[in-house]
Novice: 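If you scroll down you'll find the structure; I have some questions about it.
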Amino acid sequence: RDINGEWQPLVKDAKSGDFLTRVFESEGVPVPTIFEDGEKKDSFDADLMSKYDHWLPQNVARARQYHDAGDKFIGNYIQGFTHMGRIHSEIRQTGTETGRCSSNHPNMQNIPARGRDDVDMPVSPALVRSAFVSEAGWFLAAPDLSQIELRILAHLSKDEAMISVLNDPAGDIHTATMRILFGAQAVDKADDRRRTDMRFVAKTVNFGIAYGLTAQGLIMRTPSLGLTIAQAQDFIDRIFGGYPGVYDWQQATIRACRKT
């Protein structure tokens with residue numbers, strides 16, 4: 001509440017920012033800041049505030065995470081209910097630049113697949129996913145072309161290491177990439193949680209390199225891991241070192257595009 005006893009929103013808008021600045025200053029807590037367009041500005045981003053060792057920014061961050069989770073993972077789905085109480089999303093075949101199908105009204109591809117409950121979001125991803133069930137006597141099917149993009153990438157780049165793994169019936173391209181990124185010993189000794197994190201990075205890098213994934217892009221796609229720019233760039237350098245044919249093909253493609 002403000003000094004007039006009125007409730008103030010903690011969502012991301014100019015009004016809440018002004019209100020939070022006054023609250024932080026009254027409690028003697030440094031206002032979080034970022035540099036944007038060369039200027040220093042107040043920022044009440046939930047990820048930034050969650051790093052503060054103080055009850056005020058931590059609770060504001062938590063409130064915003066709950067608000068975002070409600071809007072993103074609950075509100076949109078409720079609006080998509082039909083008169084039968086079911087959700088029927090629109091599937092579009094021409095909605096993305098990469099050729100993948102997209103989902104709208106609501107976006108069913110936005111369901112959280114993973115995450116640490118104490119870092120990514122206040123609502124457990126498993127809890128959100130458990131809300132999606134089929135009608136009695138029916139089932140949900142999820143057809144998928146197994147790693148089709150990586151198979152196309154291996155074919156185009158003619159990378160021997162990638163082709164070898166994909167042609168091996170017992171091979172696993174993400175495990176192979178984990179060993180390239182983290183080393184075979186580290187992968188073999190890792191506990192289940194650490195292996196999950198390793199595999200997440202490996203999958204993100206595998207599916208991202210064909211589209212020009214950068215260090216900053218890798219950080220944005222793996223926020224729960226807290227990677228630095230140097231660490232992320234090292235992962236990208238390692239993947240190209242492990243699959244040199246992919247790097248050579250990518251550079252040759254860029255040169256060809258520039259000529260034409």
Side-chain angles (χ1 to χ4, degrees), residues 93-103 109-115 120 125 141-260:
Q93 292 181 294
T94 57
T96 66
E97 294 179 357
T98 62
R100 288 190 169 202
C101 290
S102 62
S103 171
Q109 295 172 319
N110 205 29
I111 305 170
R114 74 181 300 279
D120 291 338
D144 182 32
L145 292 171
S146 178
Q147 301 162 351
I148 186 65
E149 290 163 309
L150 297 181
R151 296 179 187 278
I152 294 173
L153 180 61
H155 174 76
L156 292 173
S157 67
K158 297 179 173 56
D159 184 89
E160 294 181 0
M162 186 173 282
I163 291 173
S164 177
V165 175
L166 292 171
N167 281 340
D168 183 353
D172 183 339
I173 188 66
H174 299 316
T175 298
T177 299
M178 285 166 60
R179 292 176 178 273
I180 291 172
L181 298 180
F182 301 98
Q185 274 193 330
V187 172
D188 293 339
K189 293 180 179 179
D191 58 24
D192 289 344
R193 179 159 184 167
R194 178 59 177 156
R195 282 182 68 89
T196 298
D197 285 343
M198 288 178 171
R199 189 172 182 83
F200 183 48
V201 172
K203 290 181 69 172
T204 302
V205 173
N206 274 342
F207 289 116
I209 53 173
Y211 301 104
L213 180 69
T214 63
Q216 188 64 44
L218 179 57
I219 291 173
M220 291 176 63
R221 288 164 175 77
T222 58
S224 65
L225 304 183
L227 297 177
T228 65
I229 288 289
Q231 290 172 326
Q233 185 59 54
D234 182 56
F235 283 143
I236 293 175
D237 292 342
R238 290 190 185 196
I239 196 72
F240 283 135
Y243 304 127
V246 173
Y247 179 80
D248 292 341
W249 165 79
Q250 190 178 78
Q251 295 303 307
T253 301
I254 293 173
R255 286 194 297 271
C257 290
R258 286 172 176 167
K259 285 182 179 180
T260 58

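Every value quoted in this text rests on a predicted model; they were computed, and no experiment measured them.
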Novice: When rounded to the nearest 0.5 angstrom, what is the spacing between CE in Met162 and CD1 in Ile173?
Specialist: 4.5 Å

Novice: So among Thr177, Leu150, Ile239, Thr204, which one has a side chain to side chain contact (heavy atoms under 4.5 Å, CB included) with Ile209?
Specialist: Ile239

Novice: Once you round to the nearest 0.5 Å, how far does CG of Asp188 lie from CD of Gln185?
Specialist: 8.0 Å

Novice: Check whether more than 12 heavy atoms from other residues, nucleotides or ligands sit under 6.0 Å from atom OH of Tyr247, and answer yes or no.
Specialist: no

Novice: Does Leu218 reach the side chain of Gln233, with side-chain heavy atoms less than 4.5 Å apart?
Specialist: no

Novice: Can you tell me if Arg221 has over 12 outside heavy atoms packed within less than 6.0 Å of its CZ?
Specialist: no

Novice: If you round to the nearest 0.5 Å, how far is OH of Tyr243 from CG of Asp248?
Specialist: 15.0 Å

Novice: So does Leu181 get a backbone contact from the side chain of Arg238, meaning a donor-acceptor N/O pair under 3.5 Å?
Specialist: yes

Novice: Do Ile254 and Gln251 have side chains that get closer than 4.5 Å, going by heavy atoms?
Specialist: yes

Novice: What pair of heavy atoms forms the shortest contact from Ala186 to Met198, and how long is it?
Specialist: O-CE, 3.7 Å

Novice: Go through Asp159 and Trp249 one step at a time and tell me if the side chain to side chain contact (heavy atoms under 4.5 Å, CB included) criterion holds.
Specialist: CA-CA 9 Å; Asp159 184 89; Trp249 165 79; over 6 Å; no

Novice: Would Phe235 and Leu213 count as a side chain to side chain contact (heavy atoms under 4.5 Å, CB included) if you check the C-alpha gap in whole Å, the side-chain angles of each, and the deciding distance to 0.1 Å?
Specialist: CA-CA 11 Å; Phe235 283 143; Leu213 180 69; over 6 Å; no

Novice: If we ignore hydrogens and angles and just use 3.5 Å, is the side chain of Ser164 paired with the main-chain N or O of Glu160 as donor and acceptor?
Specialist: no

Novice: Considering all heavy atoms of both residues, which atom of Ala215 and which atom of Ile236 are nearest to each other, and what is their separation?
Specialist: N-CD1, 3.4 Å

Novice: Side-chain contact test, heavy atoms from C-beta onward, threshold under 4.5 Å: evaluate it for Phe182 versus Asp197 and give yes or no.
Specialist: no

Novice: Look up atom NZ in Lys189 and atom CG in Asp191, then write down how far apart they are to the nearest 0.5 Å.
Specialist: 13.5 Å

Novice: Within the side chain of Gln147, is there an N or O that forms a donor-acceptor pair under 3.5 Å with the backbone of His174?
Specialist: no

Novice: Do Arg199 and Arg195 have side chains that get closer than 4.5 Å, going by heavy atoms?
Specialist: no

Novice: Measure the shortest side-chain to side-chain distance between Val201 and Gln231 over non-hydrogen atoms and say whether it is less than 4.5 angstrom.
Specialist: no

Novice: Can you name the nearest heavy-atom pair linking Gly245 to Ser157, along with the distance?
Specialist: O-CB, 3.5 Å

Novice: Minimum heavy-atom separation for Gln250 and Gly212, please, with both atom names.
Specialist: NE2-N, 4.2 Å

Novice: Measure the CZ-CG distance between Phe207 and Leu153 for me, rounded to the nearest 0.5 Å.
Specialist: 10.5 Å

Novice: Determine the minimum heavy-atom distance between Gly242 and Ala161, stating which atoms define it.
Specialist: O-CB, 3.8 Å

